[in-house]
Amino acid sequence: MLRRITSGVLVLVSLAAGGVAWADSPTASSQVRVALDGMHRYVRNDANGQRWKRFLMSDQLTAQLGKGSAANREVLAAILRKYSGAEYGLHRPEFVAVKNALTAWIAELEQPEPSTVQPTPATAQPALTPGQPAQVQPGNLAATARDAKSRITPVTAQQATQAKVKLAAAVRDLENWLRRAGAARSEGWKKYLGWSDLEHVVAQDGPPDAEAVARAHGKLTANKNGLELSYFRRVRDALTEYSKVASAADNPQLQEQAGQQLDTLAAAIEAYDANPGASDDALAIGRALAWLDRTGQAGSLAHSIRQKYGQPNLYGSVSERLAAVGMEQYVDQVTGVRENILGTDLHGTARMTGHTTLSFLENPRAATLNIFLSGTAVSNNVGYNGPVTVRTTGVTSVAGNKQLQMTADGLVAFLASANCRTNSTLHSLNARCCLVEKIGRRRAAEQKPQAEAIASGRASARVAASMDRQAAPMVAEQNARYQEKLKQPLQRRNAFPEDLTFSSTVDRASVRVLDVAAGRLGAPSGPPQQEGLHDLALRVHESLPVNMGETMLGGFEMTDLRLEKLIKDDLKTELPEELRVTLADGTLDPDKEPWSIIFAKELPVRAKFQDGGLWVAIRAEGFTRGEGDTPGKYKPAITELVEISAAYKIEKTDVGATLRRDGDVVIRFPSRANPDQITVRDNAIVTFMRRKFRNMFKEEFAGQGIKLKDRWEKAGTLRLAEIKSSDAWLSLGWQMPLANPPAAE
């Protein structure tokens with residue numbers, strides 16, 4: 001029950017991803033304790049679990065938790081280093097939860113007492129941490145870019161050597177770790193990585209071989225299990241740093257090229273400030289910044305530009321009333337009773353009736369929700385105490401609470417709490433002797449308060465344990481899905497969002513995302529205000545599909561078979577006949593001509609949200625058609641940059657909205673002198689591509705609202721109440737249908 005309820009609530013959050021004492025917001029140390037308990041349950045208490053506990057210093061951490069605010073920070077730091085290591089398995093959410101909670105506790109312990117904090121003058125500037133670039137005033141960014149030409153500094157051979165030393169150390173650490181992992185695993189990883197390329201880059205004098213760097217980097221950023229581990233990520237980052245520093249040190253025209261890039265950057269900043277909806281200017285800023293980053297120039301300027309134009313580019317939220325639809329569940333359970341209270345063995349059955357509800361809590365750092373269970377359990381019992389038989393009825397009020405938090409590291413469950421109160425009624429007491437019966441009645445009356453207190457306490461413990469037991473597999477499943485389907489694949493590609501923040505207020509749960517690819521920007525400002533408080537809301541800046549597309553699709557080949565599977569199995573939508581390539585039995589249709597598209601490494605996806613419409617484009621650096629000479633390989637048809645796009649107008653309707661294509665699918669060749677010109681030689685393949693992509697960029701997309709599944713079907717069809725496209729933002733808002741109005745008298 002609890003598992004299904006909470007799982008659905010978290011899905012909704014991702015789309016946007018008497019007498020009970022309710023718990024306050026957990027302290028940092030209590031979060032460590034809860035996370036530690038969860039980790040101990042995960043590793044169990046067998047020999048392997050004991051090794052994990054010894055390695056992670058669990059006894060020492062438990063001792064420090066007992067000291068509260070007097071905990072030894074050096075001991076805690078040593079424990080944190082254990083959790084932050086690269087040992088295989090530490091990426092699991094159970095270990096990550098302890099690491100994050102421990103980090104928060106150490107930070108809390110290091111905060112000065114309130115009385116020791118000195119007020120900061122209103123005019124004072126915040127101090128910079130070591131290595132942090134000085135701030136540049138946003139209004140002067142274009143002028144500062146031009147002034148930076150006089151401060152261009154060469155990249156020295158010594159800097160390149162230092163970067164190579166870091167790369168060599170990272171490669172050595174990875175090799176040592178692989179050796180400890182066993183000969184078979186080490187050999188497999190080295191074969192996959194093309195170990196000779198890494199060794200060649202480290203050993204080579206002068207600038208590294210660009211092709212070897214590209215091959216190694218491609219391997220290190222693939223979506224392969226294990227590459228999310230820190231040993232591989234350190235090599236990947238060190239390789240990227242060394243490559244760019246060495247190339248800059250070997251560039252005799254660095255100063256001249258940097259000056260040109262800074263002029264381009266200044267002009268693009270001025271144009272973008274004048275029109276924040278101009279995505280081409282944003283791309284120009286990003287390209288110039290990427291070049292400056294690669295050559296180690298204008299660090300403080302680049303930092304300030306990213307601060308100004310690197311705002312979150314996705315905001316989503318769900319209302320409490322929508323989330324609560326799936327929580328309005330009645331509970332009706334019958335269980336057996338077997339207790340011994342004050343020497344009396346009780347046997348019987350109990351029926352609990354009640355309901356579960358949900359509420360959000362105010363938390364700016366995590367989407368926090370409470371699941372409440374309230375009800376009444378009525379039991380009919382027969383008790384035996386020596387020669388005495390008693391028949392009683394117990395009525396227990398039940399109140400339970402389970403708190404869950406969603407953060408960028410996954411889902412954290414806190415221990416449930418419960419408060420139960422039992423009142424009992426004695427119906428009969430029988431014994432063979434009247435005197436014994438009389439004594440029994442007197443003792444039963446005397447012991448009733450104590451017996452009810454014992455029963456209340458045990459019921460509270462059972463309810464809390466039951467809520468924890470039901471939540472545990474759901475939490476583990478949600479975390480596994482989050483790690484395996486989202487976080488780890490993005491970490492492998494070095495593409496995890498710079499900002500992924502879940503939060504909640506008393507009436508909404510929200511998520512905020514900043515996704516920035518290399519050489520790209522986020523939003524230049526905050527999102528537009530929406531027209532109302534929608535039950536499901538989404539605001540997307542056009543930089544998000546651009547950045548995500550480059551991360552996930554850059555250089556990727558999409559075959560006809562993969563596209564069919566994506567449409568049928570992943571998107572679960574109707575497959576157009578033009579895109580079908582298999583027969584009903586799953587075999588290839590011999591009448592269908594095979595094809596594929598190779599997405600461009602740079603800007604494989606473009607999107608513009610302007611003037612009440614949408615413009616979307618796919619950019620490819622290759623297109624194949626027909627079988628090639630090698631089985632399974634397709635024949636190249638286009639080997640230059642091609643852009644396939646369509647423009648849509650938004651038409652609001654009573655039940656949602658319709659996207660109507662404005663004209664035909666457009667195919668261009670951006671690298672040509674005349675990108676719009678289609679030659680006679682191009683006609684056949686352009687006609688073929690247009691026919692395929694007309695089925696993806698359909699003439700009309702009619703929205704009829706959103707129908708949620710499973711327990712949230714009760715919400716009905718969510719009506720699209722708001723859709724706006726303006727100034728590079730797309731705003732969407734859905735409303736639950738109103739309850740039926742009362743009949744007129």
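Two residues are said to be in side-chain contact when any heavy atoms from C-beta on lie closer than 4.5 Å; Val642 and Arg619 fail this criterion. Contact annotation: the side chain of Lys164 never approaches that of Val201 to less than 4.5 Å [non-hydrogen atoms, C-beta and beyond]. When side chains are defined from C-beta on, Tyr634 does not count as touching Arg625, because their heavy atoms never get closer than 4.5 Å. A 4.5 Å side-chain heavy-atom check between Asp560 and Leu579 finds every atom pair outside the cut-off. Between Val171 and Leu167, some side-chain heavy-atom pair lies under the 4.5 Å cut-off.
Side-chain atoms of Ser543 and Asn313 form a donor-acceptor pair, as typed in the model, at a separation below 3.5 Å. Side-chain contact, Thr679 with Asp682: a donor N or O sits under 3.5 Å from an acceptor N or O. With hydrogens and angles left out, the side-chain atoms of Gln530 and Ser731 include no donor and acceptor closer than 3.5 Å. Gln204 and Asp209 share no side-chain donor-acceptor pair at under 3.5 Å.
With sequence neighbours excluded, the residues satisfying salt bridge (charged side-chain N to carboxylate O under 4.0 Å, His left out) with Arg694 are Asp664. Scored by the ring pair (Phe, Tyr, Trp, His ring centres under 6.0 Å) test, Phe556 finds no partners at all (sequence neighbours excluded). Applying the salt bridge (charged side-chain N to carboxylate O under 4.0 Å, His left out) criterion to Glu498, with sequence neighbours excluded, gives no partner residue. Remark: Lys219 engages no residue in a side chain to side chain donor-acceptor pair (under 3.5 Å) (not counting sequence neighbours). Asp676 pairs by the salt bridge (charged side-chain N to carboxylate O under 4.0 Å, His left out) definition with Arg668, not counting sequence neighbours. Here Tyr648 pairs with Phe701 under the ring pair (Phe, Tyr, Trp, His ring centres under 6.0 Å) rule; sequence neighbours left out. Partners of Asp727 according to the salt bridge (charged side-chain N to carboxylate O under 4.0 Å, His left out) rule, which considers only residues two or more places apart in sequence or in another chain, do not exist here. Contacts of Asp409 classified as side chain to side chain donor-acceptor pair (under 3.5 Å), with partners at least two apart in sequence or in another chain: Asn100, Lys487.
Pairs of residues two or more places apart, or lying in two chains, that qualify as ring-ring contact (aromatic ring centres under 6.0 Å, His included) and include a residue from residues 238-289 are Tyr272-Tyr309. Pairs of residues two or more places apart, or lying in two chains, that qualify as salt bridge (charged side-chain N to carboxylate O under 4.0 Å, His left out) and include a residue from residues 242-258 are Glu241-Lys244.
Between Ala284 and Ala268 the shortest heavy-atom distance is CB-CB, 3.9 Å.
In terms of modelled atom types and a separation under 3.5 Å, the side chain of Gln677 and the main chain of Ala673 share no donor-acceptor contact.
Open room surrounds CZ on Arg365; 12 or fewer heavy atoms of other groups in view lie less than 6.0 Å from it. More than 12 heavy atoms of other shown residues, nucleotides or ligands fall within 6.0 angstrom of atom CE in Met689.
Ion pairing between Arg606 and Asp280 holds under the 4.0 Å rule for side-chain N and carboxylate O. Using a 4.0 Å cut-off between charged nitrogen and carboxylate oxygen, Glu621 and Lys601 count as a salt-bridge pair. Between Glu542 and Lys608, none of the side-chain N atoms (NZ, or NE/NH1/NH2) sits under 4.0 Å from a carboxylate O, so this pair counts as no salt bridge. Taking the charged nitrogens against the carboxylate oxygens, Lys724 and Glu722 do have a contact shorter than 4.0 Å, which makes a salt bridge.
Judged by the 6.0 Å distance and 45° axis criteria, Arg661 is not positioned over the aromatic ring of Phe697. Cation-pi geometry between Arg234 and Phe232 is not met at under 6.0 angstrom from the ring centre and within 45 degrees of the axis. In this structure, Arg512 is not positioned above the aromatic face of Tyr315 in the sense of NZ or CZ being under 6.0 Å from the six-membered ring centre and within 45° of the axis.
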Under 3.5 Å, sequence neighbours excluded: what are the donor-acceptor pairs made by side chains of residues 193-200?
{"residue": "Trp195", "atom": "NE1", "partner": "Glu199", "partner atom": "OE2", "Å": "3.2"}
{"residue": "Asp197", "atom": "OD1", "partner": "Arg215", "partner atom": "NH2", "Å": "2.9"}
{"residue": "Asp197", "atom": "OD2", "partner": "Arg215", "partner atom": "NE", "Å": "3.0"}

Residues 518-529 side chain polar contacts: donor-acceptor under 3.5 Å, at least two apart:
{"residue": "Arg520", "atom": "NE", "partner": "Glu550", "partner atom": "OE1", "Å": "3.3"}
{"residue": "Arg520", "atom": "NH2", "partner": "Glu550", "partner atom": "OE1", "Å": "3.0"}
{"residue": "Arg520", "atom": "NH2", "partner": "Glu602", "partner atom": "OE2", "Å": "3.4"}

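Once rounded to the nearest 0.5 Å, the distance linking OG1 of Thr161 with NZ of Lys166 reads 12.5 Å. Atom CD1 of Ile597 and atom OG1 of Thr624 lie 9.5 Å apart (nearest 0.5 Å).
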Q | ring-ring contact (aromatic ring centres under 6.0 Å, His included) assessment of Tyr231 paired with Trp177 | A | CA-CA 8 Å; Tyr231 283 111; Trp177 179 77; 5.4 Å; yes
